[in-house]
Every structure is written in structure tokens, then in C-alpha cells.
Number of protein chains: 2
Amino acid sequence: MEAKEILKQHITKTAPLTDEQFDYLFTYFKPQSFKKGQVLISEGEKVDHEYFVISGCLKAFFINDEIKMYILQFAMPTWWTSDYGALYNQTKATINIDCITDAEVLCLSNHDREKICSELHQAEHFFRWRTNRGYLASQKRLLSFMNNDTKARYEELLSLYPQLYNLVPKHLIAAYLGVSRETLSRLYNAHK
Amino acid sequence: MEAKEILKQHITKTAPLTDEQFDYLFTYFKPQSFKKGQVLISEGEKVDHEYFVISGCLKAFFINDEIKMYILQFAMPTWWTSDYGALYNQTKATINIDCITDAEVLCLSNHDREKICSELHQAEHFFRWRTNRGYLASQKRLLSFMNNDTKARYEELLSLYPQLYNLVPKHLIAAYLGVSRETLSRLYNAHK
DNA sequence: GTAGCTACGTGATGTATATCACATTCGTAC
DNA sequence: GTACGAATGTGATATACATCACGTAGCTAC
């Protein structure tokens, strides 16, 4: 399925649009391709766009003290990603986003999102719903962080996204779980 | 300032509304008063409303294994709170919300929110913005959880909300930070 | 092929924190 | 006032995890 159709199904599942409305809206999305390792957003730079993932896998991460990396999100197909703090408040990026694999995305500027939201009530509805979904996921992850130990969080992650196990290096999974790569290694070799 | 005026300023800061529009919107908000300790939402029950805090302080929390409590949010004046997962998906509550102090709130049903969002584009805009704000706060807290140690998170919390120190018992602050009350006690008595 | 780099495993050790236990202070009901 | 429960402080011990150190396997460039 091509990018346009993927986005159309994704949006109209939540907010019904006529074909004309969607075609108009789609004119603001720019298709882009990236190679494994390419950087979309880097800390300290200006952030103007958000990205809808068509294929591949991205990671949004934070680097602490130039040493430790924490992964905020693995962005898989039909996920949205950006530094939303920087994007909405027009400040410099505090996180980084790059490609774990080759990836295709649709790129939407902050300005254009606000434009279509104000022009099309249904678009505003869609983005409200999408943000709500992100909020719930974030709350759920926070609770999991407080409530579960590392092993439980590891199993939770892999049961939600089994494809991650073979797609991303283990030290990135550790960075998502917030533990050292050594601890993660010991964890899943323990119950061998 | 009375409740209606507080809500009006809160909303129109983000989404300009005429007086008529706001008066109409406000008819869906029901003022309610609660005493310290009263319960607004409890795990396993149906959730139909969200709450806008006018005065006092509420807590949204999760109980694990009938033993450990984790606080997701202290809801202060001009904050919104509910079990949004249950509210949006029409499922049973998985968290609890009760009053740390006497409190006044404005109560809005899920049905009425969706109604005014579909009737008034500006209302939809407001709720998109509000949810976005919650999402960013949640992400920030998650990052803080991974990145900072307990002492840093304690100081971060108190610098953001200095009034909490005298308002809420220390074991609730511990439950927000995700540490035992003993550890928290030792932390702020250490640097005396 | 070799060199070099990245991912990954694993042992030894240190540390932050949970947990258990008990004491003390404070507020509230009566 | 007294009694009782909730909140808090603090010591002793256990444990999960970080960190450091080192080794190995696999991939890429040349």
C-alpha cells in the first residue's frame, strides 16, 4: 500500500473525511526517505516538522551528560514522532531522532498542521484524538516504570512489539527500559 | 474569583470564545464540592466525568497488589483530572482519584465534552491543546524518572510546586516519586 | 586476508534503595 | 483530659542494579 493510502486509513478511522478533504490535507505532507543512521532531529537545533512513519523504525532519544542514552520512543509504521515540546513551543530540540533502519516517512510542518487544524474541524478532531492516544501511552509507561521491575517491563515490551527483538540491537532495548545493557543481558540469559 | 471566571480565563487563554459561546459551553459544567478524603473515581467502577479543579488538591493514584500506591498526578487548581483511559475507551477505572484537601471542582461528562467539541471548533482546539500539554508533562516526567536520581526528582518536584511541601503528607510525595517513605525521609534529613 | 569497530556476554565489586522493625510525634475522636 | 491511629524518623539487613573490566563473536573496509 502506498503512503497516501496508509495515512488516509489512519486518519479516517478516527475522523471521517471526504476524498476532497483528504486530498487537500495530503498536499501538506511531504514524503521523505532516510537511510539507517540518518538524523531527523538533533538536540539544540530548530524543530519545524513532525513525522508519520510509513516504513522502518526510528528512535527518539535523550542523551544525558554526553554519556547515557534514554529512548523515549521507538517509532514504527503508522506512529507519529517529533520533539513535540520544541515543536509546539518553538524552542530548540532537547531530544534526538534518527533511523534504526532505512525508513520512509511523511513530513508535516508545525505551521501546516495548525493551518489544516484551523481550516478543517475534522483535522483538529483527529489531532486531538492522536495526542490523547500518545498521552495515554505515556501514562501507561510511567506507571509500568514505577510498578514493575525490569524483567516485567522487558517482557511487556516484547509482547507488545515482538518484531523489536530482531529489529533493534539489545543495547537500545536496554536504553528504552532504562537499565544498563549488562543487566538486560543477564536478565534474559538467566531463565535460559 | 468564582469558578466560572477561572474556567473562562483558562480556556480563552488558548481558544478565543465569544461570551455567548462560553456561556453556552459552561452550561455543561457542574460545580461540585468535596471534603478531604472523598472519592471521585475508584478502581473497577464506571467513569463518566472529568474534573477541572477550582480549589484544593486531588490525587490520582494506582494501587498495586493491594499494597503499594503510586501517584500519577497531584491535581491543583486549573488542572484537569480523570481516568482518561477509562473515560475515552468506556472501560472500568484502573486508577483512583480522591481529595487530599477539601476541594471544589467543575465536572464535565465525556458525552458533553464530545458534544461541545463537535459543535464548537474552538472547543475542540482547546481540548487538543490541553491534551498536548498533559502529554508533554507526562513525557517530561518519564525522562526525569529515567535520568535523575530520587533526590534530584524530589527537588524538581518541590521547586515546581513549593506549596506541596506543607500541603500533602510526605508518604504521598514518596508515592509520587516512586520511592519508599523511609528513603525519602532519609534523603531530606541527610543534608541538614 | 587483516584491522578495527560494534554488539554482546560475564565476572567482581560498590551503591542506592527496599524492606523489616521499632520508636516517637501529632492529630483527632471520644 | 485519654486513647488510638496516622505520619514520621531511624537502624539493620537484603537485593537489584550500575559500573568497571575483560573477553569473544561478527561485520565492514581496505
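Proteins come first, then strands; the chains are lettered A, B, ... in the order of their sequence lines, and each starts at number 1.
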* If you draw the axis of the six-membered ring of B:F145, does the NZ or CZ of A:R141 fall within 45° of it and under 6.0 Å from the ring centre? -> no
* Heavy-atom side-chain proximity of A:F126 to A:H10 below 4.5 angstrom -> yes
* CA sep, side-chain torsions, deciding dist, call: B:F74, B:Y161, ring-ring contact (aromatic ring centres under 6.0 Å, His included) -> CA-CA 10 Å; B:F74 291 116; B:Y161 311 108; 8.4 Å; no
* To do: Kindly check if the number of other-residue, nucleotide or ligand heavy atoms within 6.0 Å of NZ (A:K140) is above 12?
  => no
* Return the value, rounded to whole Å, for the distance between atom CG of A:L177 and atom P of D:dA16. => 17 Å
* Any side-chain donor-acceptor pair under 3.5 Å between A:Y28 and A:Y24? -> yes
Enumerate the protein-to-nucleotides 17-26 of chain D contacts in which both atoms are nitrogen or oxygen and the separation is below 3.5 Å.
from: D:dC17; atom 1: OP1; to: A:T150; atom 2: OG1; distance (Å): 2.8
from: D:dA18; atom 1: OP1; to: A:S180; atom 2: N; distance (Å): 3.0
from: D:dA18; atom 1: OP2; to: A:S180; atom 2: N; distance (Å): 3.1
from: D:dA18; atom 1: OP2; to: A:S180; atom 2: OG; distance (Å): 2.8
from: D:dA18; atom 1: OP2; to: A:T183; atom 2: OG1; distance (Å): 2.4
from: D:dT19; atom 1: OP1; to: A:K68; atom 2: NZ; distance (Å): 3.4
from: D:dT19; atom 1: O4; to: A:R186; atom 2: NH2; distance (Å): 2.9
from: D:dC20; atom 1: N4; to: A:E182; atom 2: OE2; distance (Å): 3.2

* Pairing residues for A:S33 by the side-chain contact (heavy atoms from CB on, under 4.5 Å) criterion, not counting sequence neighbours -> A:E104
* **Listed partners of A:D149 passing side-chain contact (heavy atoms from CB on, under 4.5 Å), at least two apart** => A:K151, A:A152
* **Set of side-chain hydrogen bond (donor to acceptor under 3.5 Å, both in side chains) partners for B:Y84, sequence neighbours left out** => B:E50, B:R130
* Starting at CG of A:N189 and ending at P of C:dG11, how long is that distance when rounded to a whole Å? -> 11 Å
Could you go over nucleotides 25-29 of chain C and give all protein N or O partners under 3.5 Å, atom names and distances?
none

* Which of residues 158-172 of chain B sit near DNA chain C, with a heavy atom under 4.0 Å from it? -> none
* Asked: Do any side-chain nitrogens or oxygens of B:Y188 fall under 4.0 Å of OP1 or OP2 in D:dG9?
  -> yes
* May I ask you to establish whether B:R113 and B:Y88 are in a cation-pi arrangement, using a distance under 6.0 Å from NZ or CZ to the six-membered ring centre and at most 45° from the ring axis? => yes
* Salt-bridge criterion met for A:D83 and A:K92 (N-O under 4.0 Å) -> no
